[in-house]
Amino acid sequence: MSELTIRDVRVILTAPQGIDLVVVKVETSEPGLYGLGCATFTQRALAVKTAVEEYLRPYLIGKDPRRIEDIWQSSMVNSYWRNGPVLSNAVSGVDMALWDIKGKLANMPLYQLLGGKCREAAAVYRHADGRDVHELEEHVIEFMEQGYHYIRCQLGGYGGRFAVQPLAGALPGAYYDPDVYARSIPTIFEHIRKKLGFEIELMHDIHERVTPIEAVRIAKQVEPYRLFFLEDALPPEQIEWFEMIRHQCTTPIAMGELFNNPLEWKLLITNRLIDFIRVHPSQIGGITPAKKLTTFCEIFGVRTAWHGPGDVSPVGHAANVHLDLSSVNFGIQEWSGISEQLQEVFPGCPQVKDGHVYINDKPGLGVDLDEEKAAQYPCKHGVPMWTQARWPDGTAVRP
Ligand code: GCO
Ligand code: MG
């Protein structure tokens with residue numbers, strides 16, 4: 001097929017599970033040959049849509065979709081300013097779609113193009129939560145009975161949902177008390193280890209909700225409970241503090257879902273200050289950069305734990321799994337579950353069995369999109385409330 005060009009680039013917004021998802025469809029001059037990519041930045045979905053439709057689409061129409069690397073490089077710098085969440089997600093939507101097309105042209109599932117399988121399926125972790133340690137314990141047991149071996153434990157979501165009385169006159173917001181939250185973390189793992197033992201692998205996501213020195217203290221306090229990893233103990237703006245954590249304890253460290261810029265991960269990896277890279281592939285521009293980041297991590301003994309929450313579309317989840325299967329330094333895959341509605345809108349979703357996620361062997365990413373069904377679940381957009389995090393005295397903080 002000598003002559004092949006991009007005929008159109010469209011954005012499909014849909015929210016089958018109540019979470020706004022952004023998918024890019026790249027159509028080619030070859031009838032019926034198209035690709036899908038995840039560009040989900042759920043808090044700013046409309047901004048990504050505009051970036052794709054107003055800037056990438058006119059640049060891409062007429063180009064050869066097989067030139068993935070050139071299109072990635074030139075699209076990332078076309079805006080001159082780069083490495084930001086909106087534009088990187090826009091580029092990711094296109095990039096993943098081009099890899100999907102490449103797999104269809106080669107008549108191979110994407111993992112084959114990325115070097116083939118290193119394993120049959122990828123182990124996943126699930127999110128257990130509870131209002132108290134007893135409710136959390138029940139939730140952990142439920143997941144264990146379903147065959148999951150890796151479980152993230154939270155008490156009342158990020159920062160904990162312990163009663164907080166804001167100061168009089170305080171502004172509206174999602175209030176939490178960082179000290180009450182910090183003191184609750186060791187109690188979680190003391191209880192779960194006492195009740196369920198040390199076989200089950202456990203994680204916790206601090207979600208950048210404590211001060212840097214408190215993060216150092218917590219990493220030491222949970223050391224006896226042998227966590228699989230402690231996530232986002234620090235915000236990207238304070239990554240230098242990881243050195244202090246490293247010098248004081250051996251709790252494995254996971255970081256990266258908020259990363260957009262290679263400068264954020266380069267020194268953390270070369271200085272071996274983290275054990276798991278938690279990047280959200282669409283936030284860095286898609287499969288092309290994620291594959292390179294995987295290899296960079298491998299050289300420094302860092303494993304992958306790609307971000308896989310509800311605000312990733314099934315196309316993005318599939319991209320994660322193709323990366324997981326084809327990377328020797330795979331660590332674990334976050335799995336937030338895919339509802340029936342989502343499976344209807346996105347035929348070919350990855351499937352979980354006995355705590356592992358499997359991908360189908362269809363060419364490309366293996367996931368399709370029913371646009372008629374997608375239109376039945378319009379996005380809500382709007383200003384998120386949970387990100388309006390505040391301390392009891394009213395201080396606005398990182399969510
Ligand atoms: C996780 C994350 C998510 C993010 C969410 C932001 O570890 O899964 O922390 O829950 O908060 O994806 O929109
Ligand atoms: Mg997280």
Side-chain angles (χ1 to χ4, degrees), residues 13 15 17-22 38-48 85-86 88-89 92 124-129 143 148 150-161 174 176 181 185 188 201-210 215 218-219 227-236 238-239 242 251-260 264-265 268 274-284 304-317 319-320 324 331-338 342 357 379-389 397-399:
L13 299 180
Q17 239 170 248
I19 301 173
D20 297 352
L21 304 175
V22 186
C38 187
T40 301
F41 178 11
T42 196
Q43 288 86 359
R44 296 292 180 269
L46 292 171
V48 176
V86 172
S88 293
N89 270 284
S92 164
V124 299
Y125 74 90
R126 297 303 304 264
H127 299 169
D129 205 336
F143 277 132
Y148 294 102
Y150 299 83
I151 298 168
R152 187 186 81 172
C153 297
Q154 309 286 134
L155 261 190
Y158 301 131
R161 256 194 299 282
Y176 79 100
Y181 165 56
I185 300 172
I188 294 176
E201 297 284 5
L202 304 175
M203 298 93 152
H204 182 75
D205 190 347
I206 290 184
H207 216 267
E208 53 174 7
R209 292 291 182 120
V210 297
I218 293 165
L227 267 59
F228 185 76
F229 69 57
L230 184 64
E231 176 184 348
D232 285 6
L234 296 161
Q238 298 294 345
I239 50 178
F242 277 116
T251 294
I253 298 295
M255 182 70 181
E257 71 182 50
L258 279 164
F259 289 169
N260 293 110
E264 293 172 303
W265 61 74
L268 279 183
I274 62 171
D275 304 285
F276 296 92
I277 191 77
R278 281 276 294 138
V279 157
H280 183 115
S282 72
Q283 288 287 352
I284 67 168
T304 67
W306 303 117
H307 196 223
D311 47 321
V312 168
S313 74
V315 178
H317 286 300
N320 283 348
D324 294 337
I332 189 77
Q333 178 59 58
E334 178 179 21
W335 190 253
S336 44
I338 295 192
L342 263 180
V357 62
C379 291
K380 294 192 182 54
H381 306 302
V383 177
M385 187 58 198
W386 73 271
T387 55
Q388 300 178 41
V397 290
R398 297 182 185 100

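Values reported hereafter were calculated over all heavy atoms of this structure, with side chains retained and with hydrogens, waters and symmetry mates removed. Order of listing sets the numbers, starting from 1, for every ligand and every atom in it. All residue numbers refer to positions in the sequence shown, counting from 1.
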Would you say Glu257 and Asp205 make side-chain contact, with heavy atoms under 4.5 Å?
-> yes
Heavy-atom closest contact (Ile206 atom, Tyr181 atom, distance) | CA-OH, 3.3 Å
Report yes if some heavy atom in the side chain of Pro399 is under 4.5 Å from a heavy atom in the side chain of Arg209; otherwise report no.
-> yes
Nearest option to atom 13 (O) of ligand 1, as decided by whichever heavy atom of Ile19, Leu258, Asp311, Thr387 sits closest = Asp311
Does the side chain of Thr40 come under 3.5 Å of the side chain of Asp311 through a donor N or O and an acceptor N or O?
-> no
Do any nitrogen or oxygen atoms of Gln43 come within less than 3.5 Å of a nitrogen or oxygen of ligand 1?
-> yes
Per-atom contacts, ligand 1 versus Glu231 - under 4.0 Å to a heavy atom | 7 (O)
Who's the nearest protein heavy-atom neighbour of atom 8 (O) of ligand 1, and how far?
-> Glu334 OE2, 2.4 Å
Any sub-3.5 Å donor-acceptor pair from Ser92's side-chain atoms to Cys38's backbone N or O?
-> yes
Considering only heavy atoms, which of Phe41, Tyr125, Tyr158, Trp335 lies nearest to atom 10 (O) of ligand 1?
-> Tyr158
If you measure from each non-hydrogen atom of His280 to ligand 1, which part falls under 4.0 Å: side chain, backbone, both or neither?
-> neither
Which bit of Glu208 gets closer than 4.0 Å to ligand 1, counting heavy atoms only: side chain, backbone, both or neither?
-> neither
From the options Tyr125, Phe143, Phe228, select the one residue that forms a ring pair (Phe, Tyr, Trp, His ring centres under 6.0 Å) with Tyr150.
-> Phe228
Is the Trp386 ring parallel, tilted or perpendicular to the Tyr158 ring (thresholds 30°, 60°)?
-> tilted
Asp205 OD2 to Glu257 OE1 via the Mg ion (ligand 2), rounded to 10°, gives 170°
May I ask you to check if any N/O/S atom from Glu334 comes under 2.8 Å of the Mg ion (ligand 2)?
-> no
Atom 4 (C) of ligand 1 sits nearest the protein heavy atom Glu257 OE2, 3.6 Å
Contact atoms of ligand 1, heavy-atom distance to Arg278 under 4.0 Å = 1 (C), 7 (O), 8 (O)
Minimum heavy-atom distance between Gly308 and His317, given as atom pair plus value = O-CE1, 3.4 Å
Any N/O/S atom of Glu231 sitting less than 2.8 Å from the Mg ion (ligand 2), backbone or side chain?
-> yes
Atoms of ligand 1 under 4.0 Å from any heavy atom of Trp386, numbered from 1 in the order shown, are 6 (C), 11 (O), 13 (O)
Among protein heavy atoms, which sits nearest to atom 11 (O) of ligand 1, and what does the distance come to when rounded to 0.1 Å?
-> His207 NE2, 2.7 Å
Taking the side chain as every heavy atom from C-beta outward, state whether Phe41 and Val86 have any pair of such atoms under 4.5 Å apart.
-> yes
Atoms of ligand 1 under 4.0 Å from any heavy atom of Pro309, numbered from 1 in the order shown, are 8 (O), 12 (O)
Just which atoms of ligand 1 are under 4.0 Å from any heavy atom in Arg152?
-> 1 (C), 7 (O), 8 (O)
Using distance alone, with no hydrogens and no angle criterion, decide if His127 and Glu334 have a side-chain donor and acceptor under 3.5 Å apart.
-> yes
